Protein chains: 2
Amino acid sequence: MTKSGVTIGAAAARSGCTPATIRFYEEGGLLPTIDRSVGGRRVYRRAEIFRLVFIRRCRDLGFPLEQVRALLDVMDGKGSCGAARSLVQAQIDSVRAKRAEMEALEQTLSGLAASCTDVCARGDVDDCTMMKDFAAAQADLGP
Amino acid sequence: MTKSGVTIGAAAARSGCTPATIRFYEEGGLLPTIDRSVGGRRVYRRAEIFRLVFIRRCRDLGFPLEQVRALLDVMDGKGSCGAARSLVQAQIDSVRAKRAEMEALEQTLSGLAASCTDVCARGDVDDCTMMKDFAAAQADLGP
DNA sequence: TCTCCCACCTCAAGTTACTTGAGGAGCAAG
DNA sequence: CTTGCTCCTCAAGTAACTTGAGGTGGGAGA
């Protein structure tokens, strides 16, 4: 039962990151310095892979790397639970705002497409109501 | 009634872009070559400002510049209405997918925050259920 | 054992859509 | 005529990676 380690490829497969991304994270200090094999290859153990999965999950949840760094600090005991909670709350707010924006976009775009589908019989640009609607939202341009 | 033109600052104010962004668009070919005053300053007229507003609106709707370019081609008569329609449809799909993703994120994050708020009395990391939950989603890491 | 090829290594540059900064010049007001 | 704002160009910086060039290592098949 030696501390068996795996190559960057295996770590990538297990964490859902690409090898290049993993190296990038290491360079950015999100991972500790990784041990190397005799041949100079990186050797990943459980703890590192866990950390990679954690990072990956945070990224999936939309956290920017800087905040992932802060969350890792919390995980490492270098920060308070409250700090993590407020990061998460901020992220919730941000996601909620983005979701609302997406809903509005979906509405607007659907409207554009619908007007086109209804009115434009052929593919003639001059008659395309959609392009007109695109422009219609454009308020006064001044003199 | 000469063709009165405005400076880049005024064009920026009217279009909602910044001067730097406008120059960037010009360099990227989204705008035609802009006339210059005697002193070498860019002079914007109605058509250009209209174009800027159009670009701005497309960007607000989430279109990447490459697709904005395609939509501008349509507006310029260099593309079919059908082409524009399929771009818009693709954008709708993309926005819809993103919105769904945002909803899921909101759920997940809210769950994390709630578990923390319920259980964690103080700001002690060791007791923070949230950080545990972050980790909990992490499946088997292999040997 | 030899050879092959894939996975790995480093370093540099490219991507998107801009933003920021340095260094210099026009232009209108006081 | 001097201030100070806006403008000019060119270069570099940003997030979060990805891609590519050029070179090494190591396990598998012949």
Side-chain angles (χ1 to χ4, degrees), chain A residues 4-31 33-45 48-49 51-52 54-72 87 90-91 94 98 101, chain B residues 4-31 33-45 48-49 51-72 90-91 94 98 101:
Chain A
S4 68
V6 300
T7 65
I8 199 169
R14 268 168 219 181
S15 65
C17 309
T18 70
T21 301
I22 294 177
R23 290 187 200 105
F24 173 77
Y25 286 159
E26 183 185 349
E27 197 190 299
L30 279 91
L31 297 178
T33 306
I34 300 293
D35 286 346
R36 302 297 181 108
S37 72
V38 181
R41 302 183 168 201
R42 290 172 181 83
V43 175
Y44 296 84
R45 308 196 210 285
E48 280 93 69
I49 294 174
R51 207 172 171 85
L52 279 171
F54 182 88
I55 296 169
R56 170 82 217 184
R57 180 156 160 76
C58 291
R59 301 284 306 123
D60 285 347
L61 290 172
F63 290 92
L65 279 192
E66 194 176 347
Q67 290 190 8
V68 176
R69 221 168 262 130
L71 288 170
L72 284 169
L87 283 174
Q91 184 62 12
S94 151
K98 247 182 233 157
E101 202 181 324
Chain B
S4 69
V6 300
T7 64
I8 199 171
R14 267 169 218 179
S15 65
C17 309
T18 70
T21 303
I22 295 177
R23 292 189 199 104
F24 172 77
Y25 286 159
E26 183 185 350
E27 196 191 298
L30 278 90
L31 297 177
T33 305
I34 300 294
D35 286 347
R36 301 297 181 108
S37 71
V38 180
R41 300 180 170 206
R42 289 172 180 83
V43 174
Y44 295 86
R45 306 193 212 285
E48 280 94 68
I49 294 174
R51 207 173 171 85
L52 278 171
V53 174
F54 181 89
I55 295 170
R56 171 79 219 190
R57 181 157 160 76
C58 291
R59 299 287 302 123
D60 284 347
L61 291 171
F63 290 91
L65 280 191
E66 194 177 347
Q67 289 191 9
V68 175
R69 219 167 263 130
L71 288 169
L72 284 169
Q91 185 62 11
S94 151
K98 250 182 231 158
E101 201 180 325

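Computed from a predicted model, the values in this text were never measured in an experiment.
- Per the geometry, CD1 belonging to A:Ile8 stands 17 Å off P belonging to D:dG25, to the nearest Å.
- A:Ser37 comes within contact range of no nucleotide atom at all, as no heavy-atom separation falls under 4.0 Å.
- A:Glu26 has its CD atom 17 Å from the C1' atom of D:dA16, to the nearest Å.
- Across all non-hydrogen atoms, the minimal contact from A:Ala70 to A:Leu87 is CB-CD1, 3.6 Å.
- When the nearest nucleotides of DNA chain D are assigned to A:Gly40 and A:Thr18 by heavy-atom distance, the more 5′-ward of the two goes with A:Thr18.
- Nearest approach of B:Leu65 to B:Leu30, heavy atoms of both residues: CD2-CD2, 3.9 Å.
- Considering only the side chain of A:Thr7, C:dC8 comes nearest among D:dT18, C:dC8, D:dC17.
- Atom OH of B:Tyr44 and atom C1' of D:dT6 are 13 Å apart (whole Å).
- For C:dT16, the OP1/OP2 oxygens have no side-chain nitrogen or oxygen of B:Arg69 closer than 4.0 Å.
- Evaluation of atom-type donor-acceptor distances gives a pair under 3.5 Å for the side chain of B:Arg41 against the base of C:dG26.
- Look at CG on A:Asp35: it is 13 Å from P on C:dC9, rounded to the nearest Å.
- Contact of the A:Val43 side chain with the A:Arg41 side chain is not registered, since no non-hydrogen atoms from C-beta on lie closer than 4.5 Å.
- Taking the nucleotide of DNA chain C with the nearest heavy atom to each of B:Pro64 and B:Gly39, the more 5' of the two is matched to B:Pro64.
- Evaluated for a side-chain contact (heavy atoms from CB on, under 4.5 Å) with B:Ile22, the options B:Ile55, B:Ile49, B:Leu52 yield exactly one hit, B:Leu52.
- Summarising the geometry, the separation between CZ on A:Phe63 and C1' on D:dA15 is reported as 17 Å, rounded to the nearest angstrom.
- Remark: C1' of C:dC9 and CD1 of A:Ile34 are 15 Å apart, rounded to the nearest angstrom.
- Remark: C1' of D:dA15 and CD of A:Glu27 are 14 Å apart, rounded to the nearest angstrom.
- Among C:dA17, C:dC9, D:dC8, the nucleotide with an atom closest to any side-chain atom of B:Phe24 is C:dA17.
- At whole-Å resolution of the value, CZ in B:Arg56 and P in C:dA17 are 13 Å apart.
- If you check distances only, the side chain of B:Arg23 never reaches the base of D:dT9 with a donor-acceptor pair under 3.5 Å.
- Applying the 4.0 Å criterion to OP1 and OP2 of C:dA17, one finds that B:Thr21 has every side-chain N and O outside that range.
- Between B:Tyr25 and C:dC18, a side-chain N or O to OP1/OP2 separation shorter than 4.0 Å is present.
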A:Glu48/A:Arg42 under salt bridge (charged side-chain N to carboxylate O under 4.0 Å, His left out): CA gap, chis, key distance, verdict: CA-CA 11 Å; A:Glu48 280 93 69; A:Arg42 290 172 181 83; over 6 Å; no

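- Taking for each of B:Arg59 and A:Arg36 the nucleotide of DNA chain C with the nearest heavy atom, the 5'-most of the two is the partner of A:Arg36.
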